[in-house]
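Every heavy atom of this structure was used, including side-chain atoms; hydrogens, water molecules and symmetry mates were not. Note that the coordinates shown come from a computational prediction; the quantities given were computed from them, not determined experimentally. By convention in this document, chain letters (A, B, ...) are assigned in the order of the sequence lines, proteins followed by strands, and residues within each chain are numbered from 1.
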There are 2 protein chains.
Amino acid sequence: MNIKMEMEPGVPTYAALRDRLRAEILSGKLPAGARLTTASLVERFGVSQMPVREALQSLEGEGLIEIAPHKGAAVLPLDVSRVRNIYDLRGALEALLIRLAVPNLSNRAMAQAAALHDRMKAEVASGDPADLFSLNQQFHQLLYRHAENTEAFNIYNRYASLLGTLRETYGFSKARANQMMDEHQEILDALRAQDERRLVTIIEHHCDGAKLDMLALMQDDKQHVHPSLRDNA
Amino acid sequence: MNIKMEMEPGVPTYAALRDRLRAEILSGKLPAGARLTTASLVERFGVSQMPVREALQSLEGEGLIEIAPHKGAAVLPLDVSRVRNIYDLRGALEALLIRLAVPNLSNRAMAQAAALHDRMKAEVASGDPADLFSLNQQFHQLLYRHAENTEAFNIYNRYASLLGTLRETYGFSKARANQMMDEHQEILDALRAQDERRLVTIIEHHCDGAKLDMLALMQDDKQHVHPSLRDNA
DNA sequence: AAGTGGTCTAGACCACCTT
DNA sequence: AGGTGGTCTAGACCACTTA
């Protein structure tokens, strides 16, 4: 099997490989603990060692696999304790970013945020929140971009997209979606009032809510089987 | 010139190259904006393209250079605004880590932290704080390790070591060293009392103090010349 | 001492930016 | 179209782990 048969031109082999492996990990096809040896990947995808190595290093940077020197790569578990860690990390970053953003937010940015909020409310009310996940990401990114702290913003984005993929798998609980809307409204109000202290309190509460909802969804998954592999999936 | 002539066995070429380039960037020999073309590095160090590419990617991951697709790599400025960003980021991480660490700290860990604190006080009192920088790093790492949040801890370490290198260049101001000792004492007291709220307040103040001291040292450097290149260096 | 994993070279080729 | 930068291959060699 040669991965290049199905490659669009312009996409480097290592990127195609990375995306492919990432999808397999997040879908559960490659479960936690699965070993990824260079040799097997070289054979499986019909490429040489270098692009395989680069793809693996990239996935290690994303936190999806772990490369132990002279032992090879293995898929990391995305279990409850790691998910909690990542939510805590993201929460700390969000508290910083929103605080730094306050003085930089323009009226135009505020209007855009309010517009996104309205679209989300409409979706939740309609009972079909198909884009809720994407809109929510846009909402937070829009605000945090104004913090003008590239370092923190980049790290936030890396982990937000990891958690985003989890969300796409598990979805939002109905209660959480409603609560989210209320909290977004509070965030917008506090931003207008430029009330930093309240803002940090709200954001921390917002992040904790997201964390607890996700952890509950994961715990409820009593069969300990990845959602994509369940019968009703 | 071949870098391998001066390489200890067991150290891969890309690692030697990475370390060498990092040192040149941080020492100011490669100033902000300097372009690092693969071709010139291949020629200069007598190696092939692959290790050069890996070294550059690694430095990009550390935030020292920027690789623009099809335009090549360039040294990023480590200027006042970026340093401020990184201090803010590190501060947010420290607040999180200390909060998470509180319930996990053992008596043994507390004793070790207190011992490090005593050694630092002795150094500052003696007027020759040669190891202050390293002891300070050990002090904070010891505490934050107990947060048991690998993700946050790793990112903290990455940026702490970058700022550490800056500190090695600029040193501590005398006033800052004394203030640091007082703040460490407060941290130890609050840890013993398991007073989370106070702890976060102190840590934030501690990080802000470090940031302001460093920014002042950088601003004072009126000639806008890297310290290592000054006459009196 | 195998066996596995990690890295390097040399040359070729492809993709994108600049004229 | 030319130049630069980016990537791939194939094969070789080195280093570490395991038995």
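Partners of A:E123 under the salt bridge (charged side-chain N to carboxylate O under 4.0 Å, His left out) rule, at least two apart in sequence or in another chain, do not exist in this structure. For A:R167, the salt bridge (charged side-chain N to carboxylate O under 4.0 Å, His left out) partners are A:D213, not counting sequence neighbours. Qualifying side chain to side chain contact (heavy atoms under 4.5 Å, CB included) partners for B:M180, counting only residues two or more places apart in sequence or in other chains: B:L132, B:N136, B:F172, B:R176, B:H184, B:H206. For A:R35, there are no side chain to side chain contact (heavy atoms under 4.5 Å, CB included) partners, not counting sequence neighbours.
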Protein-nucleotides 4-6 of chain C N/O pairs closer than 3.5 Å?
from  : atom 1 : to    : atom 2 : distance (Å)
C:dG5 : OP1    : A:R35 : NH2    : 3.4

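Taking atom CE of A:M50 as the reference point, atom P of C:dA10 lies 13 Å away to the nearest angstrom. Rounded to an integer number of Å, the gap from B:L41 CG to C:dC8 P is 14 Å. The interatomic distance linking A:E54 (CD) with D:dT9 (P) rounds to 11 Å, in whole Å. In this structure, CZ of A:R18 is placed 16 Å from C1' of D:dC8, rounded to the nearest angstrom.
The stretch residues 53-67 of chain A participates, sequence neighbours left out, in these side-chain hydrogen bond (donor to acceptor under 3.5 Å, both in side chains) pairs: A:R18-A:S58, A:R22-A:E62, A:R53-B:E54, A:E54-B:R53.
Between B:K211 and B:E94, none of the side-chain N atoms (NZ, or NE/NH1/NH2) sits under 4.0 Å from a carboxylate O, so this pair counts as no salt bridge.
Listed pair A:T13 / D:dC8 meets the phosphate criterion, a side-chain N or O lying under 4.0 Å from OP1 or OP2.
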